[in-house]
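Please read all numbers here as calculations on a predicted model, not as lab measurements.
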Amino acid sequence: MKRFVPTLTKTLLASSVLIGATGIAQAGVIDGINKSEVKGSITFYTNRTDLVQAGVYDRYEKEFKELYPNVENVKVVAFADYQGGLRPRMNTGDYGDLVLILPSVPSEQYPNFYEPLNDIYSEEEVYFFDAWENDGKSYGIAMGNAVEGLVYNKDVLKNAGVEVPIKSLSDFYAAAEKIKTKGQIPLYVNFGAQWPLQQWDKFPIVVEGNDNVYEKMLDQDKPFSGDTAYNKSLSVLKTFIDNEWTEKDLITNSWEDSKNSIANGQAAMYYLGNWVIPQVIERGADPENIGFMPIPSDDSGVLKAQMNHDWGYAVSKHSENKETAKAYMKFLLEGSDFDEIAGFIPTIKTKQPALAQLNEYMSYEPKVIQSPTNSSTFIEVTNRSKIDFYSGGYIQDVIMSGDFEGALEKLDSRWNRAKKRVMKK
């Protein structure tokens with residue numbers, strides 16, 4: 001079986017260099033951090049409510065203070081709906097010291113909200129260095145990275161007679177029917193939780209087979225109802241729901257319970273990133289019984305894999321303690337066990353991923369597609385259209401509308417109206 005990291009770096013990125021190769025730039029400044037200025041208190045706004053509740057960030061605060069004794073307090077505030085929780089604060093300038101960059105912020109506005117981070121990292125040291133770049137400056141560093149695919153219970157698939165990897169969309173549908181016949185949930189989509197439906201905003205990349213799928217929408221008259229990757233993505237989801245190959249209760253937020261279902265074999269598969277695997281194992285699953293494979297998108301037999309970054313850490317421009325915020329971010333990326341807990345591919349290129357399932361995934365030799373950075377035009381059209389990409393809300397509305405085609409045509413109308421306003425500028 002191929003090792004994951006060599007396959008990934010050979011496919012996507014140039015060879016890495018050791019962290020710290022830049023050395024000491026000036027007295028007291030190591031890797032871009034002036035240790036004498038790391039002191040006082042900071043606030044970090046995160047999306048990981050589970051880690052706050054589990055006390056993980058309390059442990060991180062103690063470990064961070066051991067490195068920097070002059071730090072008084074690291075306050076961590078978590079939002080289940082991160083965009084909804086942080087967006088109102090962005091307008092006030094009071095949004096803490098370390099935050100996660102909102103997808104709705106256009107790149108040209110990064111300097112208004114965030115500090116450049118080129119002094120502490122370079123493209124040779126971290127993945128997706130240019131994901132939050134503007135005018136040659138990088139304003140965000142990915143908290144972790146993931147590949148998207150089917151996280152599955154091996155026993156459930158084996159008992160249903162499903163062979164892995166599932167190489168075609170037809171086989172995917174056939175596997176779902178076999179699993180349903182056995183009395184288990186084929187694919188837990190977490191419809192009621194809403195946010196996991198963002199996967200169907202990612203699936204178009206796999207369908208298209210390249211990273212131009214979103215920018216292409218700027219030239220399409222019918223990006224949702226036409227013969228497009230987005231239409232295929234939402235149609236696959238609808239097919240699963242119409243055939244009752246998902247959880248029956250589409251209303252209740254059963255995110256936490258769904259992890260138990262995958263772990264104990266009541267459900268067979270998730271379509272999510274590798275980050276969810278440790279959470280399933282925490283619910284009692286035997287690590288050897290949890291597998292991970294690419295999701296098929298057509299009947300060609302060619303598997304494709306989307307690699308994407310998670311949220312990006314950023315230091316607030318309005319922070320009164322920027323050096324401490326930068327030091328804490330570096331600690332989370334380099335000195336903590338966050339990658340292992342979250343099941344991420346580390347952002348730091350020299351760090352090895354701890355998740356064994358990543359080796360299985362890459363052994364199937366999928367074509368790896370790196371998620372693109374959306375243009376400011378695409379983001380502005382998105383904002384004006386009020387289609388809440390990556391939140392799941394509009395997908396819920398489309399699926400539950402009762403008129404699937406009509407709902408897609410309405411999305412086209414909203415998209416085209418917004419596009420005309422933006423393009424007139």
Side-chain angles (χ1 to χ4, degrees), residues 81 83-84 103-104 106 148 169-170 172-173 176 187 189-251 271 295-300 304 306 369 371-372 374-425:
D81 174 9
Q83 294 198 67
S104 58
E148 307 293 333
L169 190 58
S170 294
F172 193 22
Y173 291 157
L187 184 69
V189 297
N190 272 291
F191 195 91
Q194 186 172 302
W195 65 264
L197 295 177
Q198 67 178 270
Q199 292 302 123
W200 306 98
D201 282 315
K202 298 175 180 179
F203 191 52
I205 288 181
V206 181
V207 173
E208 190 79 7
N210 62 63
D211 64 1
N212 192 44
V213 63
Y214 303 118
E215 298 304 317
K216 194 174 179 181
M217 294 173 69
L218 296 174
D219 297 319
Q220 292 171 333
D221 293 328
K222 297 181 178 181
F224 296 96
S225 68
D227 183 15
T228 66
Y230 244 100
N231 182 275
K232 180 70 171 290
S233 177
L234 297 178
S235 295
V236 169
L237 174 61
K238 187 174 188 299
T239 297
F240 267 82
I241 290 175
D242 287 350
N243 286 281
E244 298 183 341
W245 294 334
T246 69
E247 66 272 18
K248 292 182 180 179
D249 183 358
L250 300 180
I251 304 300
Y271 170 36
I295 183 172
S297 61
D298 54 38
D299 287 340
S300 68
K304 291 162 281 188
Q306 177 196 358
I369 305 162
S371 293
N374 291 328
S375 68
S376 58
T377 301
F378 179 87
I379 292 174
E380 188 173 356
V381 172
T382 298
N383 291 340
R384 281 184 174 270
S385 71
K386 295 188 172 140
I387 299 173
D388 52 344
F389 291 100
Y390 290 94
S391 72
Y394 87 94
I395 295 178
Q396 279 186 333
D397 293 340
V398 167
I399 298 297
M400 301 296 286
S401 68
D403 180 4
F404 182 66
E405 293 301 327
L408 294 178
E409 290 170 0
K410 288 179 181 178
L411 288 177
D412 286 338
S413 296
R414 289 165 61 181
W415 181 259
N416 288 324
R417 282 197 301 270
K419 189 167 60 174
K420 287 178 181 178
R421 293 192 191 104
V422 173
M423 299 300 190
K424 282 181 179 179
K425 291 184 177 181

Residues [X] and [Y]: side-chain donor-acceptor under 3.5 angstrom:
X: S104; Y: N383; value: no
X: D201; Y: Y214; value: no
X: S375; Y: E215; value: yes
X: S297; Y: K232; value: no
X: S401; Y: D403; value: no

Salt-bridge present (K248, E244; N to O < 4.0 Å)
no
Taking 4.0 angstrom as the limit, do K216 and D211 come out as a salt bridge?
no
Assess the residue pair W200 and V236 against the criterion (side chain to side chain contact (heavy atoms under 4.5 Å, CB included)); give the C-alpha distance rounded to whole Å, side-chain angles, the decisive distance to 0.1 Å, and a yes or no.
CA-CA 9 Å; W200 306 98; V236 169; 3.9 Å; yes
Mind checking whether [X] and [Y] have side chains closer than 4.5 Å, heavy atoms only?
X: L197; Y: Q396; answer: yes
X: Q199; Y: K202; answer: yes
X: L234; Y: F404; answer: yes
X: E148; Y: I295; answer: no

Could you check whether the rings of F378 and W415 sit parallel, tilted or perpendicular, using 30° and 60° as the cut-offs?
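Ring orientation of F378 relative to W415: tilted.
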Set of side chain to side chain donor-acceptor pair (under 3.5 Å) partners for S391, sequence neighbours left out:
D388
For the CE atom of M217 and the OG atom of S385, what is their distance to the nearest 0.5 Å?
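M217 atom CE to S385 atom OG measures 8.5 Å (nearest 0.5 Å).
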Among F203, F224, Y394, find the one that has a ring pair (Phe, Tyr, Trp, His ring centres under 6.0 Å) with Y230.
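When ring pair (Phe, Tyr, Trp, His ring centres under 6.0 Å) is applied between Y230 and each of F203, F224, Y394, only F224 qualifies.
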Does D299 have any salt bridge (charged side-chain N to carboxylate O under 4.0 Å, His left out) partners at least two apart in sequence or in another chain, and if so, which?
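Residues passing salt bridge (charged side-chain N to carboxylate O under 4.0 Å, His left out) with D299: none at all.
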Using the ring-ring contact (aromatic ring centres under 6.0 Å, His included) rule, take F172 and F240 through it: C-alpha gap first, then chi angles, then the decisive distance, then the call.
CA-CA 10 Å; F172 193 22; F240 267 82; 4.8 Å; yes
